[in-house]
Amino acid sequence: MSLVRPPSFRELAERMGEAEAVRYLLRIGYGTMKVVAESGLPYHRVILYRERVKSLKSMEFSRLASFYERLSGVRSRKAKEALISRFLSSRVLPVDVMVNLLTAKPFKNLGVGPGTIRDSLALASRWSPERVEALYREYGEYGEVAYLILRGSSSPLTVKEVYLSLKLLPRLAREDRVKVLSSLLSTASRIEGKYIVRLALGDLKLGFKENTLLIAASKAFNVDRQLLENASAIKGLAEACRLASIGEYMLRLVELKPGVPFKPMLAHLYREDKVKFPVRVELKYDGSRLQIHKIGGKVKLYTRRLVEKSDVLPEVVEIARGFNADSCIVDCEVIAVDDKGNPLPFQYLLERTLPRKYESERAEKVRVTVKAFDIVYHEGRSLLSTPLQERIPILMSVVPKEFLAEGETCTTPGEVEKYFKDAVSRGYEGIMVKALDSIYEPGRRTYTWLKLKPLRDTIDAVVVKAYYGTGLRAGYYSSLLLAVRDPKARKLYTIGRVSNISEDLMDRLKKRFDQLIVRRDRDGIVLKPEVVVEVTYMEIQRSPEYSSGYALRVPKIVRVRNDKTVGEIDTLDKIRELYMSQSAVKS
DNA sequence: GATGACTGCCC
DNA sequence: ATTCTGC
DNA sequence: GCAGAATGGGCAGTCATC
């Protein structure tokens with residue numbers, strides 16, 4: 001046996017290429033970290049090679065990053081459209097990849113959030129996580145933080161390298177996610193780092209979203225916008241754009257098909273001047289949107305965000321099996337009910353619709369049923385362009401009555417008003433008002449569907465804390481913690497936070513807050529309880545999060561009560577009463 | 001084994 | 001989910 | 001009026017840590 005100096009990584013890489021050299025070392029028993037040390041390659045690249053990625057050659061990531069910079073630099077949407085359109089026409093990358101790189105959509109479920117980014121930036125910059133987080137609070141956005149604290153390297157990253165590294169993250173343990181991200185960030189220039197962070201968080205902050213991209217693509221490929229929009233709702237934007245780049249005829253071939261989820265149509269808030277009679281009015285149920293697809297004996301269920309729920313809601317699958325059609329797509333609301341079939345509060349429903357797997361115990365505790373209100377596909381035929389008045393009879397012939405949303409036709413404002421009052425008095429969330437001649441437009445929010453909700457009671461509460469905002473509102477207050485009083489205990493109890501406060505109002509409030517600061521902590525200022533606001537809400541929920549034991553669902557400020565003092569705000573007892581009166585109506 | 005941070009997804 | 005804001 | 005940005009409550013599930 002002779003002692004031979006083992007070949008260096010350089011020698012190996014020259015002989016068999018970087019990827020093979022890495023895999024060779026792994027094969028002969030080197031650990032990942034040892035390969036990193038031996039090869040001098042960044043961690044993420046070793047991981048990619050380990051995962052059998054052959055080549056990382058593609059466009060330089062720095063070019064993409066400067067394109068992002070140009071996009072975020074121009075203000076007007078028209079200008080953004082033009083830039084995007086030119087980018088798409090250039091075909092420097094496959095069209096669907098370009099679209100994905102502009103929406104960041106494929107990077108939305110990486111298991112990466114602010115916490116992971118904070119730790120990755122800390123590791124890459126050798127700052128402490130606390131200091132990184134402090135910068136985040138100051139600047140409001142982690143992309144900017146990356147730009148500030150990364151030292152910047154000039155070793156060339158490719159688009160493919162970044163893309164694949166990010167897509168790899170969900171399969172790694174959290175610790176390794178941080179290592180891969182930090183490796184990318186250490187290899188990147190500061191500008192690149194900014195966009196790697198934003199891609200990983202699934203939000204590029206370029207000042208445009210899917211709709212602008214869609215318009216740009218329709219120009220770039222010279223296709224009809226409606227056609228592209230339709231195809232996008234069914235196939236997703238990236239695929240629709242790829243088809244558009246082949247030719248408009250490809251878009252015409254895209255049709256609704258049971259088993260393939262599409263983005264549901266949405267409603268605007270009710271506005272009197274938007275009502276076009278005759279209308280169909282329906283009860284609005286407080287549940288979750290659910291799309292039921294039936295293809296022979298097979299049933300598929302999808303949520304509003306197209307998450308498949310077929311395995312989690314077997315009762316609904318059973319209900320769909322009973323539909324009087326071989327193939328259909330039915331749009332409905334899934335709601336939680338007690339054992340007598342009476343609606344339960346929304347909170348209970350979450351225990352059934354959020355889990356990813358079925359558990360019979362939960363199913364027994366919270367039962368569900370559906371209320372169907374539309375049908376968009378029936379026995380091999382798409383009903384998208386069939387008017388609502390013709391869809392309703394088909395729906396009624398397919399779905400048994402107990403699973404149909406209650407509704408009727410109205411021809412005058414008076415009838416709508418009456419229907420609404422009745423629905424509210426029966427404890428429903430409100431009503432839907434839909435133009436009878438409206439077609440079903442997937443993925444769009446249109447004024448042909450309107451939702452009308454009652455004004456709820458209001459509560460006078462006191463502001464006990466103001467929280468710092470993020471993004472554009474970094475360094476300013478953005479939401480307020482509210483409390484009610486208990487006269488017996490002479491104490492205040494928190495009931496939730498409100499946001500959506502206009503700059504104007506916040507400016508005025510800030511002047512008063514500045515006089516009332518008790519102390520500052522990391523996420524805001526604690527206040528002497530003096531400022532009284534009147535808030536409304538959609539519902540009062542039980543909550544372990546707030547000291548009152550209750551929380552407001554969808555709270556909003558009605559007005560500031562300068563005429564009231566803390567001693568005059570509403571009491572915990574009143575909250576309890578309001579809560580009880582809600583549940584009484586429901587059961 | 002309990003607890004808490006973090007993420008994703010319902011509204 | 002809602003609300004505010006710039007275009 | 002549209003599109004975008006920023007914000008609310010709450011539950012499940014995963015993973016790290018105590």
Side-chain angles (χ1 to χ4, degrees), chain A residues 75-81 108-119 129 140-141 169-170 172-178 201-215 266-269 271 274 284-290 303-307 309 312 333-336 345-357 359 362 366 429 444-447 451 453 467-474 476-482 495-506 535-546 550-557:
Chain A
R75 288 216 153 247
S76 92
R77 231 185 9 253
K78 288 257 182 272
K80 286 183 201 288
E81 254 172 54
K108 284 245 157 86
N109 306 316
L110 301 177
V112 173
T116 308
I117 293 298
R118 177 201 58 215
D119 294 347
E141 198 268 313
L169 295 175
L172 304 176
R174 195 194 127 102
E175 202 190 337
D176 291 337
R177 274 177 213 167
V178 170
L201 288 170
D203 185 2
L204 284 164
K205 300 202 170 288
L206 297 177
F208 68 88
K209 286 262 160 85
E210 283 210 1
N211 241 306
T212 304
L213 190 42
L214 196 137
I215 296 166
L266 304 170
H268 270 292
L269 279 179
R271 271 182 41 186
K274 291 290 179 188
K284 189 172 189 311
Y285 299 87
D286 190 10
S288 290
R289 195 78 177 265
L290 196 73
T303 65
R304 183 176 151 182
R305 287 205 193 163
L306 315 190
V307 178
K309 291 288 167 186
V312 193
E333 194 80 0
V334 54
I335 57 172
F346 179 76
Q347 251 181 321
Y348 291 84
L349 181 67
L350 293 177
E351 295 177 33
R352 290 300 311 280
T353 54
L354 289 182
R356 272 163 236 156
K357 46 184 193 277
E359 269 173 32
R362 273 200 291 245
V366 182
E429 204 196 335
R444 290 197 62 196
R445 192 184 291 277
T446 74
Y447 282 100
K451 50 185 165 183
K453 298 190 192 189
Y467 290 85
Y468 300 129
T470 61
L472 299 171
R473 298 194 185 171
Y476 201 55
Y477 307 120
S478 196
S479 65
L480 309 176
L481 179 63
L482 305 178
I495 51 162
R497 291 166 65 168
V498 265
S499 63
N500 283 324
I501 295 156
S502 68
E503 221 179 293
D504 197 48
L505 177 57
M506 192 57 95
V535 288
T536 182
Y537 55 89
M538 186 173 140
E539 191 186 30
I540 296 173
Q541 302 181 139
R542 297 308 311 266
S543 168
E545 192 60 35
Y546 295 101
Y550 297 92
L552 305 179
R553 178 179 166 207
V554 197
K556 52 191 172 209
I557 291 188

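- For A:Glu351, the side-chain atoms get nearest to D:dC11 when compared with the rest of B:dC10, C:dT2, D:dC11.
- Aromatic ring centres of A:Tyr468 and A:Tyr476: separated by at least 6.0 Å.
- Both A:Gly207 and A:Glu175 lie close to DNA chain D; mapped to their nearest nucleotides by heavy-atom distance, the more 5′-ward contact belongs to A:Gly207.
- The side chain of A:Val554 lies closest to D:dG8 when the candidates are D:dG8, D:dG10, D:dA5.
- With sequence neighbours left out, the salt bridge (Lys or Arg N to Asp or Glu O under 4.0 Å) criterion links A:Lys209 to no other residue.
- A close approach under 4.0 Å does not occur between any side-chain nitrogen or oxygen of A:Gln347 and OP1 or OP2 of D:dG9.
- When each of B:dC10, D:dA3, C:dT2 is scored by its nearest atom to the side-chain atoms of A:Lys309, the top-ranked nucleotide is B:dC10.
- Where A:Gln541 and A:Arg362 each meet DNA chain D at their nearest nucleotide, the meeting point lying more 5' is that of A:Gln541.
- Nearest nucleotide to the side chain of A:Arg75, out of C:dT2, D:dG9, C:dC7: C:dC7.
- The nucleotide whose nearest atom lies closest to any side-chain atom of A:Phe346 is, among C:dG6, B:dC10, C:dT3, B:dC10.
- Checked against D:dG10, D:dA3, D:dA6, the side chain of A:Asn211 finds its nearest nucleotide in D:dA3.
- Taking every side-chain heavy atom of A:Ser499 into account, D:dG8 is the closest of D:dG8, B:dC11, D:dG13.
- Out of B:dC11, D:dC11, D:dG9, the shortest distance to the side chain of A:Arg497 is found at D:dG9.
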